[in-house]
Amino acid sequence: MFFFKKKSHQENSGVAVIGTPTNVNHDIHVRINADGILEGLPSAWCRQIGKQITKEEQENNPLAVRQVLRFYNYSMKKQEATPQFKPLLTENYIDEESEEISRFENSKEAHTSRESILSSCSEYENLRPDTLPAKPKDIENEQNLVKTKNLAKSTENLSLNENVEIRKKSTASEDEFRRKTGMTDEEYMAELKKLCSPGDPNQYYLKSNKDLGSGASGIVFVATDLRTNQTVAIKDIDMKKQSRKELLVSEIRIMKNFKHKNLVNFLEAFVMYDEHLWVIMELCDGGPLTDVVTETVMKETQIAAVCYEVLQAVNYLHSRGTIHRDIKSDNILLGMDGSVKVSDFGFCAHVVGNEQRETMVGTPYWMAPEVVTRQKYGKKVDIWSLGIMIVEMLDGEPPYLRELALRALYLITVNGRPKITKWDSLSLNLRSFIDWCLQVEVDRRASAEELLEHPFLEDRADLKTLLPLIKAARKQLHKNY
Ligand SMILES: Nc1ncnc2c1ncn2[C@@H]1O[C@H](COP(=O)(O)OP(=O)(O)OP(=O)(O)O)[C@@H](O)[C@H]1O
């Protein structure tokens, strides 16, 4: 007998390569007045922040609100009908506003003031946080099978976060990015071609109409390798729509160089007529872990089995100086042979030794506090995200999923480690495992290597026990591979 959870975010989940900025607006000029209070914040920003963070919260947590403001400094773009839970990526461009905000942060008045930093905004009203609909209680259907869980379908609540994407502020920033990386689009294309096989992939692969889903960069299809009869997955990327070709180059380089049983294996890639990139990968025919976490109830031993597999991949990446930076259930693909594989390497970063990064990358709900607060961070951000993924496996969704993205980031900043609803019913081993993942203080957070030795993983289920869950989720979602 299986318990199902109601549909959640799987349809919308995905990773985006950040696109070209649109609706670029240069009219915003944020100043700090003589009292150390921000002026000139666009009223839309004020309204959004005012809606998501109460005046009281602003007064009680001015530092956290300033972080949110810094976050807001980057252009937020609404995109209709695009996947939610997009990862964010900001470059460390300091533009006019962020310089002003930094000055504000550094000003003595700002640190000591209990005044709401938004109170100078003409349109700011004492808005209460959005009234959230009551969380549906778990209910069972007549066969005692179905457990409703989710709410993410409540698009009213998610109207912002499902569309939020951090983008570079202007085309000027885009140019700056190119200056910094020193490569033009053409040069990236040339790099890309070096990583690809020559020729027309249609000669070797027969693409079916069965699409496995689409992300920001392209559509993934099932195909057959005509030479070996192997069924594969092809990600078809329209290059014209890719403004960040460097992310693709990085993703393919990583996929090509790294081989591990717990990573989605790259087979080859082709550039067709400079227009389409076909990335041929092994097919993970069980779909994303998101389907399982949203539709079924996992046992602790099954959670341990998934964690063990994911940790082997993360440990492999970390031991090669690579941080994944976007660990979440959507990026864990399952196979009907019981395999568990980490995918999506577009946001990986290479670090040397204990080198740290600053760029804000990840998907808000899974982001470690040090990323959200824009401190330097290292490999352990992946461990935090794994901790959040355990919450997904327990609850069917990450903490704060029903909050707007800005508020979620604010809550991560203020609360640090999230509350776990089922905490009291968890085994001591699982509690201690989660504790070690969700340490706000990075030095206290475990490494992948350390976690692999944790007793929680000793009592893990056979991977084959995931198959009934995959099948049940698939049935529930009417998915057919
Ligand atoms: N190798 C694979 N085998 C099976 N399904 C896959 C494979 N690769 C991707 N998918 C599925 O295809 C869909 C789209 O994948 P893709 O990687 O393009 O999504 P995304 O992560 O949202 O996109 P992007 O990385 O472009 O932002 C997802 O639902 C994913 O689970």
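Counting starts at 1 for both ligands and their atoms, in listed order. Here, residue 1 is the first one in the sequence, and each next residue gets the next number.
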Item to complete: Give the single entry among N265, V220, I237 that approaches atom 9 (C) of ligand 1 most closely by any heavy atom.
Response: V220
Could you check whether any side-chain heavy atom of [X] comes within less than 4.5 Å of a side-chain heavy atom of [Y], counting everything from C-beta outward?
X	Y	result
L466	M298	yes
M189	V271	yes
L317	L263	yes
L438	W384	yes
E370	V442	yes

Short list, please: which atoms of ligand 1 are under 4.0 Å from a heavy atom of [X]?
X	answer
D344	17 (O), 20 (P), 21 (O), 25 (O)
G215	14 (C), 18 (O), 19 (O), 20 (P), 22 (O), 23 (O), 26 (O)
A233	1 (N), 2 (C), 3 (N)
S217	24 (P), 26 (O)

Discussion item. Regarding ligand 1, does V264 bring an N or O atom to under 3.5 Å of one of the ligand's N or O atoms?
Written reply: no
Discussion item. For ligand 1 and S214, I'd like to know whether there is a polar contact (N/O to N/O, distance under 3.5 Å).
Written reply: no
Discussion item. For F433 and F456, take the angle between the two ring planes, folded into 0 to 90°, and tell me which bin it lands in: parallel under 30, tilted 30 to 60, perpendicular over 60.
Written reply: tilted
Worksheet item: Should the ring pair F258 and Y316 be called parallel, tilted or perpendicular, given that the plane angle runs from 0 to 90° and is split at 30 and 60?
Response: perpendicular
Worksheet item: Quick one: does ligand 1 sit under 4.0 Å from the side chain of E282, the backbone, both or neither, non-hydrogen atoms only?
Response: backbone
Discussion item. Under 4.0 Å, heavy-atom basis, I'd like to know which part of D285 is in contact with ligand 1: side chain, backbone, both or neither.
Written reply: neither
